[in-house]
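Scroll down for the structure; my scribbles are underneath it.
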Amino acid sequence: MALDIKHETIKERAKLVFSLGSMKTVIAIITVMLALIWGVSLIYVGNIVKPILFTITIILMTLSANKSSSFMNLRRSLWASTIIISPQLIAQVILTPIGFEKYAYTLLYTSIYLAGLVTMIMDNKIAKYMLMALPIIPSIQGGLTVLIALSTAIITLILTRETVKRIMFIGEDIIKPAAHLLIDKNPKPLEKVLEKLSPEGEVQISTIKAEDITLVTANFHPGPLIAGSSNAPAKLIKKLEERGFKPIFLRATSTHSEDIPSQEEVEKIINGVEKCINEVEKCKCGKLVVKNEDEYEITAQKFGKIILTTVSGRGFESFEDIPSTTEKRLNEIISAKGMNIKAIVIDRHDSLKPGKQAVKIKPFSKEEDKLIEALLKTIEEAMQSEEEEEAYVSYSSRNIKKDSIGSGGIRIMTIGRAAYISFDSNNMTPELRDAISETIRNEGYYPIISTTDTHETVGPREAANPIGLNFNEKDYKETIEIVKSMVKEAKENSKKMKVMSGTINVKVKMVGEDVMNNIIRRIEIANHIIPLILMGIIPTQIALIAIHI
């Protein structure tokens, strides 16, 4: 189960937020509209009061909306004012020349309704009241019609708000937090809501350490969207580097159910990683075992009481998010067999082909049974492999400036013949993965390529951004050459080291399956928001006109 299955829906909703035009466009539109109302008023009525009222209203609405929230700049405020006033203004332009000006006053209802929708994402209460009241100015001469339109709009807005609240999160006002996230890219308001809703869970952290070189695994998931633990892999890497370590992060099995709701909770994981590093114990290092089981490529390598396994779904071309139940069920079987070992299952997240539907394993499904069986075979073979007191270990890192690579860059750790490579990216195209794999093999290592599944490189518009997706030939060659130089650097610095390992569990809040299912349902239902809003405008507007007649 993952939020990413709704990428297209998220992108469609985001377009509605981000597709407002430039300042020049909105100024041109409002100039034309005002020119029309001035022209119509002078020609057909011989009175300039109406156009003056419209002009003043637009100016005052724009000023009241501007800076009413951190994301309400002058451009957005002017667009909001233009959209709000346009029903009344256009109605006046059309109806005045044919002598039906009085019917235009009923359009005040639509303007107030639109203003009310805008106020739902505003923070300043005074600005909210002003924006709601100002559309009345041009229609103040409408008498009883204005009072009916005003009261009807307020009632409809109350009903609409309650409907929208239920479309989002029951019991939580998610409208403004969502606006801050989508428009301002500020996740804090959403994180506060998620923290309230998220139950306590556990993150399992494992560490394999050789001197200052440190491989860290954890079964949390980046996200949701650009909030919570979206950039946690890079944050973890940077914190460890500040403390003098050479880290690499591999994401263990997890889906968006294991999203961490806030940066404060992410800090608990980072503290847990530091604790795990301090508590590692000396261990023997086993040989790398590689098996290709149907669509899967599986590796396993033993480090004392930990056996590190990795899974690539390269046979599927597009493969997303192995659930945490896979690792849990696997360890239950291992325990039942009397094997004194804990398996860590790394989701390499290295296969996403554009246009290809991603295969997802559901908990307790036949597909999960099949993967567990393949993992068990690989583990049993790795348990029988030769172990050494010391192993050849090396490390290399690069921070790369590319849209599809996060601030965690690229990290490589070699242990024996295994080259663990982590890209701080949101998946990878199969073509790039295979090209890099060939380069690494030529250097004498077996490539275990993974991505962190970071959400630092994605957003509402780019809900998936695998490295290699928008690469030209130069980008491909450049990325492959960078990895090649990193492997060579690691190879030159490789030396025998004692290896240590350890694992701990850390209690943190996790978004959880119920909340994630709720989010997905709300995203699906959000497809109906526009029709619901239209239902709040069109039937009532028709009724008001009919009553006025």
Side-chain angles (χ1 to χ4, degrees), residues 1-8 217 219 221-223 233 248-256 290-300 308-324 326-327 345-362 365 367-368 370-372 374-375 378 402-406 408 410-412 418-441 446-455 457-458 462-471 475-476 479-480 483:
M1 191 281 297
L3 184 63
D4 295 330
I5 60 175
K6 301 301 173 192
H7 279 173
E8 293 306 316
T217 80
N219 62 342
H221 196 284
I248 178 172
F249 175 77
L250 301 179
R251 180 176 67 84
T253 55
S254 57
T255 66
H256 279 283
V290 181
K291 274 189 174 295
N292 287 289
E293 294 283 336
D294 298 322
E295 293 88 355
Y296 303 108
E297 179 186 271
I298 298 173
T299 70
L308 182 66
T309 71
T310 74
V311 178
S312 171
R314 59 174 57 207
F316 294 111
E317 292 186 307
S318 282
F319 184 66
E320 283 262 11
D321 290 353
I322 301 170
S324 56
T326 303
E327 183 178 283
V345 182
I346 302 300
D347 180 357
R348 284 158 65 173
H349 214 252
D350 63 346
S351 304
L352 189 62
K353 193 175 183 68
K356 183 83 172 179
Q357 181 65 42
V359 173
K360 292 179 181 289
I361 292 178
K362 294 181 179 179
S365 63
E367 291 78 15
E368 186 179 58
K370 184 178 176 182
L371 176 56
I372 290 170
L375 280 162
T378 314
K402 285 190 184 295
D403 290 340
S404 54
I405 299 181
I410 307 172
R411 301 289 184 269
I412 295 177
Y420 293 95
I421 305 167
S422 177
F423 288 78
D424 190 32
S425 61
N426 188 267
N427 222 311
M428 179 181 287
T429 61
E431 293 80 9
L432 181 61
R433 178 204 62 212
D434 291 343
I436 292 172
S437 294
E438 185 180 349
T439 299
I440 296 166
R441 284 193 185 92
Y446 191 85
I448 303 170
I449 298 170
S450 67
T451 68
T452 62
D453 196 14
T454 182
H455 280 49
T457 61
V458 300
E462 297 82 28
N465 187 17
I467 181 171
L469 178 61
N470 298 310
F471 275 18
D475 292 326
Y476 262 92
T479 304
I480 292 165
V483 176

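Along the sequence shown, residues carry numbers from 1.
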Pair Thr255-Asp321, side-chain donor/acceptor within less than 3.5 Å: no
Between CG on residue Leu469 and CG on residue Leu352, distance to nearest 0.5 Å: 8.0 Å
Aromatic ring proximity His455/His256, centre distance under 6.0 Å: yes
Student check: side-chain heavy atoms of Pro323 and Glu368 closer than 4.5 Å: yes
Min side-chain heavy-atom separation Ile248-Ile412 under 4.5 Å: no
Value rounded to 0.5 Å, distance of CG in Asp294 from CG in Leu371: 10.5 Å
Pairwise distance OH(Tyr446) to OG1(Thr299) - rounded to 0.5 angstrom: 8.0 Å
Inter-residue atom distance Ser425.OG - Ile467.CD1, 0.5 Å rounding: 5.0 Å
4.5 Å side-chain heavy-atom contact, Leu432 and Ile480: yes
Residue pair Asp350 / Ser450, side-chain donor-acceptor N/O under 3.5 Å: no
Validation row: Phe423, Val483 side chains within 4.5 angstrom (heavy atoms): yes
Listed partners of Asp434 passing salt bridge (charged side-chain N to carboxylate O under 4.0 Å, His left out), at least two apart: Arg314
Contacts of Phe316 that satisfy ring pair (Phe, Tyr, Trp, His ring centres under 6.0 Å) - sequence neighbours left out: Tyr296, Phe319
Salt bridge (charged side-chain N to carboxylate O under 4.0 Å, His left out) involving Glu438 - partner list, sequence neighbours excluded: none
Residue pair Asp453 / Asn426, side-chain donor-acceptor N/O under 3.5 Å: yes
Glu320 side chain vs Lys360 backbone, donor-acceptor pair below 3.5 Å: no
Asp424 (side chain) donor-acceptor with Gly408 (main chain) under 3.5 angstrom: yes
Check: Thr451 side chain, Asn427 main-chain N or O, donor-acceptor pair, under 3.5 Å: yes
Results of side chain to side chain donor-acceptor pair (under 3.5 Å) for Asn219 - residues two or more places apart only: none
Non-hydrogen side-chain atoms of Ile421 and Ile448 separated by less than 4.5 Å: no
Neighbour count above 12 (heavy atom, 6.0 Å) for Asp403 CG: no
Validation row: Arg251, Pro222 side chains within 4.5 angstrom (heavy atoms): yes
Verdict with supporting geometry, Leu308 and Thr217, side-chain contact (heavy atoms from CB on, under 4.5 Å): CA-CA 9 Å; Leu308 182 66; Thr217 80; 4.0 Å; yes
Among Ser351, Ser318, Pro430, the one residue meeting side-chain contact (heavy atoms from CB on, under 4.5 Å) with Lys356: Ser318
N/O donor-acceptor pair under 3.5 Å between Asn465 side chain and Thr457 backbone: yes
Thr378 side chain vs Ala374 backbone, donor-acceptor pair below 3.5 Å: yes
Residue pair Thr253 / Thr326, side-chain donor-acceptor N/O under 3.5 Å: no
Criterion side-chain contact (heavy atoms from CB on, under 4.5 Å) on Thr452 and Ser422, from CA distance to verdict: CA-CA 7 Å; Thr452 62; Ser422 177; 3.5 Å; yes
Candidate pair Ser324 and Ser254, rule side chain to side chain donor-acceptor pair (under 3.5 Å), full reasoning: CA-CA 5 Å; Ser324 56; Ser254 57; over 6 Å; no
Gap between atom CG of Asn470 and atom OG1 of Thr429 - 0.5 Å precision: 10.0 Å
Contacts of type salt bridge (charged side-chain N to carboxylate O under 4.0 Å, His left out), residue Glu367, not counting sequence neighbours: none
Note: Lys353-Glu431 ion pair, threshold 4.0 Å (strictly below): yes
Rounded distance [0.5 Å steps], CZ in Arg348 versus OG in Ser312: 4.5 Å
Partners passing salt bridge (charged side-chain N to carboxylate O under 4.0 Å, His left out) against Lys402 (at least two apart in sequence or in another chain): Asp475, Glu478
